[in-house]
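Throughout, protein chains are lettered first and strands after them, A, B, ... in sequence-line order, and every chain is numbered starting at 1.
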Number of protein chains: 2
Amino acid sequence: MSENPPAPVPERPRRGRGRPPATDRRRQIEDAALEEFAEHGFRNSSLAAVAQRVGLSQQGLLHHFPNKEALLVAVLARRDAVDTADFGGLRDIDRLTGLAERNTERPGVVRLHALLTAEAVTDDHPAGPFFRARYEELRTRVAEAVRESEHEEAPAPQPTPEETAALLVAAMDGLQLQWLHDPEAVDMPALLGLLTRVLYAHRGGAEQG
Amino acid sequence: MSENPPAPVPERPRRGRGRPPATDRRRQIEDAALEEFAEHGFRNSSLAAVAQRVGLSQQGLLHHFPNKEALLVAVLARRDAVDTADFGGLRDIDRLTGLAERNTERPGVVRLHALLTAEAVTDDHPAGPFFRARYEELRTRVAEAVRESEHEEAPAPQPTPEETAALLVAAMDGLQLQWLHDPEAVDMPALLGLLTRVLYAHRGGAEQG
DNA sequence: CATTTTTCCGAGTGCTCAGTAGGTAAATTG
DNA sequence: CAATTTACCTACTGAGCACTCGGAAAAATG
């Protein structure tokens, strides 16, 4: 079911003598592309704009990536790797709140995520499978984390781990949208923490705020 | 603070004798535009594509709307009017669940909302102010609804109406994204209903399912 | 220095797009 | 029927886009 995104290019080896490939450039370009895509979306970003950010011509950029789609895939793959690392073991469900907190400081990544998630819903978008798989995996992992943290008390009509996971993930994305539109209006980490506690901790009335 | 979107064209009056303006066409075009924008987003939709849906040439369409942006504003204004009506008095907070249920049957509108909400985050997007105002109003109204439904019992560490509102709205949008990516994966109305109950009804253990 | 490989660019192609200009046909009124 | 106003189209402009082609400079090896 869950088709993973392709590996992020397995370090192409030196082939003969000539000039060595500049691996830095690829990363520079990916970083620039992330910023650009985050600001204008994928379809509405131009290769030329990305190229300009790294002091390249559009054609110079196309030397490193065969086409625009390949660039997007590379960006997503790298972003996913970083986020997975950020996510860590996720033994504790409260890590989600920590992630929200960190995201507060990098609107670019948040924007990229929000924009592409929505954009990728349309037909035949190159990032479509990526995000479908990502959501599936996220729900699964969060559900697992919930299950592991579940040893607490659970006396009342309790949502299942799967339901909890779907709702937490949803709240995360939804809060990001509100926050992007008006950073002052919502406190992402606080709200997510609150939701986490309320959702699966019908504890008898302790631990508030 | 809350700047409302401009009124949806105040029914331009007959001016002299000539041919009467075809108000039907405007609505036809708006409907077509909604579908088109919902599928491809605003910036990535073409006027020609919208025009084709109603059997017009691109220029024929531009006779009715001075430019693309005006068309978007018209679509949003109409959509907002309809949604506000749907939303009704919202005396009961459970109406939100009902709205989620209805949305299940009109992916087009959901797509438009999700796509434009994200797209409008970018700089100088014509729909930016619209969505910022909309979120603000939504949070306020939902918070009010929560407050009115609050008479129940509330013994435990309870989220405030404002927090509840922000989280409900967030979950709604986040669930929509997940649902758009994989309709089988999440049950929007069920999850939203569950969240509603959990969020402000730490009732002693009654009323489940 | 000759060779090879990588890096990058100038020029160009073919496409799509929003918006303009100018004109014709249709519907309504007097 | 004449005047008027709307509806709509053909033709066009100018811009931006992804992507190709062919070549030149740079950096390494021998």
Side-chain angles (χ1 to χ4, degrees), chain A residues 9 11-30 32-33 36-37 39-75 119 122-127, chain B residues 9-33 36-37 39-75 119 122-127:
Chain A
V9 179
E11 288 294 327
R12 47 180 170 168
R14 287 284 288 106
R15 238 184 291 190
R17 32 186 168 181
R19 181 175 174 173
T23 45
D24 305 347
R25 265 287 192 251
R26 280 188 67 99
R27 299 214 164 150
Q28 280 180 38
I29 295 172
E30 286 167 12
E36 189 66 23
F37 293 167
E39 269 187 43
H40 307 297
F42 172 66
R43 295 218 154 109
N44 207 56
S45 288
S46 70
L47 288 178
V50 176
Q52 204 180 13
R53 281 180 189 256
V54 289
L56 273 181
S57 74
Q58 184 201 121
Q59 299 80 351
L61 189 154
L62 279 172
H63 168 71
H64 296 274
F65 297 88
N67 53 44
K68 200 183 172 187
E69 187 176 323
L71 178 56
L72 173 64
V73 170
V75 169
E119 186 180 334
T122 62
D123 323 303
D124 294 338
H125 194 286
Chain B
V9 180
E11 287 294 326
R12 48 180 170 168
R14 286 284 288 110
R15 239 186 289 190
R17 31 187 169 182
R19 179 174 176 174
T23 46
D24 305 348
R25 266 285 193 249
R26 281 188 65 98
R27 299 217 163 148
Q28 282 179 37
I29 294 173
E30 286 167 12
D31 289 342
E36 190 66 22
F37 293 167
E39 270 188 40
H40 307 297
F42 172 65
R43 294 218 154 109
N44 207 55
S45 287
S46 70
L47 289 177
V50 176
Q52 203 180 13
R53 282 180 188 256
V54 288
L56 272 182
S57 74
Q58 181 202 123
Q59 299 78 354
L61 187 155
L62 279 172
H63 169 72
H64 296 274
F65 296 88
N67 53 44
K68 200 182 172 186
E69 188 175 322
L71 177 56
L72 174 63
V73 171
V75 169
E119 186 180 335
T122 62
D123 324 303
D124 296 338
H125 194 285

So, is [X] near the phosphate of [N], with a side-chain N or O under 4.0 Å from OP1 or OP2?
X	N	result
H63(B)	dA7(D)	yes
S46(B)	dT16(C)	no
H64(A)	dT6(C)	no

d([atom1], [X]; [atom2], [N]) in whole Å:
X	N	atom1	atom2	value
E69(B)	dA18(C)	CD	C1'	13 Å
D24(B)	dT6(D)	CG	P	16 Å
K68(B)	dG19(C)	NZ	P	8 Å
R43(B)	dA15(D)	CZ	P	20 Å
L72(B)	dA18(C)	CG	C1'	15 Å
R26(A)	dC8(C)	CZ	C1'	16 Å
L62(A)	dA11(C)	CG	C1'	15 Å
N67(A)	dC19(D)	CG	P	5 Å

Measure all distances between protein nitrogen or oxygen atoms and nitrogen or oxygen atoms of nucleotides 23-27 of chain C, and list the pairs falling under 3.5 Å.
none

Please report the closest heavy-atom contact between [X] and [Y], naming both atoms and the distance.
X	Y	value
L71(A)	L61(A)	CD2-CD2, 4.3 Å
A32(A)	V54(A)	CB-CG1, 3.8 Å
F65(A)	A74(A)	CE2-CB, 3.7 Å

message: Checking salt bridge (charged side-chain N to carboxylate O under 4.0 Å, His left out) between E36(B) and each of R43(B), R53(B), K68(B), which is the one that passes?
response: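 Among the candidates, only R53(B) passes.
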task: Identify which nucleotide among dA18(C), dT3(C), dA7(D) has an atom closest to any side-chain atom of R17(A), counting heavy atoms from C-beta outward.
output: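 So the side chain of R17(A) is nearest to dT3(C).
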query: Considering only dA18(C), dT7(C), dC19(D), which nucleotide approaches the side chain of L47(B) most closely?
result: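 For L47(B), the side-chain atoms sit closest to dA18(C).
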- prompt: How far does CD of Q52(B) sit from CG of L47(B), to the nearest 0.5 angstrom?
  reply: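 Answer rounded to 0.5 Å: 13.0 Å.
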field: Spacing of L56(B) atom CG and H64(B) atom NE2 [to the nearest 0.5 Å]
entry: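 Rounded to the nearest 0.5 Å, the CG-NE2 separation comes to 6.0 Å.
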- request: For F42(A), enumerate each residue passing the ring pair (Phe, Tyr, Trp, His ring centres under 6.0 Å) test, keeping only those at least two apart in sequence or located in another chain.
  value: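 For F42(A) the ring pair (Phe, Tyr, Trp, His ring centres under 6.0 Å) partners, ignoring immediate neighbours, are F37(A), H125(A).
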query: Which ones in residues 50-60 of chain A lie close to DNA chain C, meaning a heavy atom under 4.0 Å from one of its atoms?
result: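 Contacting residues: G55(A), L56(A), S57(A), Q59(A), G60(A).
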field: Exceeds 12 heavy-atom contacts within 6.0 angstrom, atom CD of Q58(B)
entry: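 Above 12, so yes.
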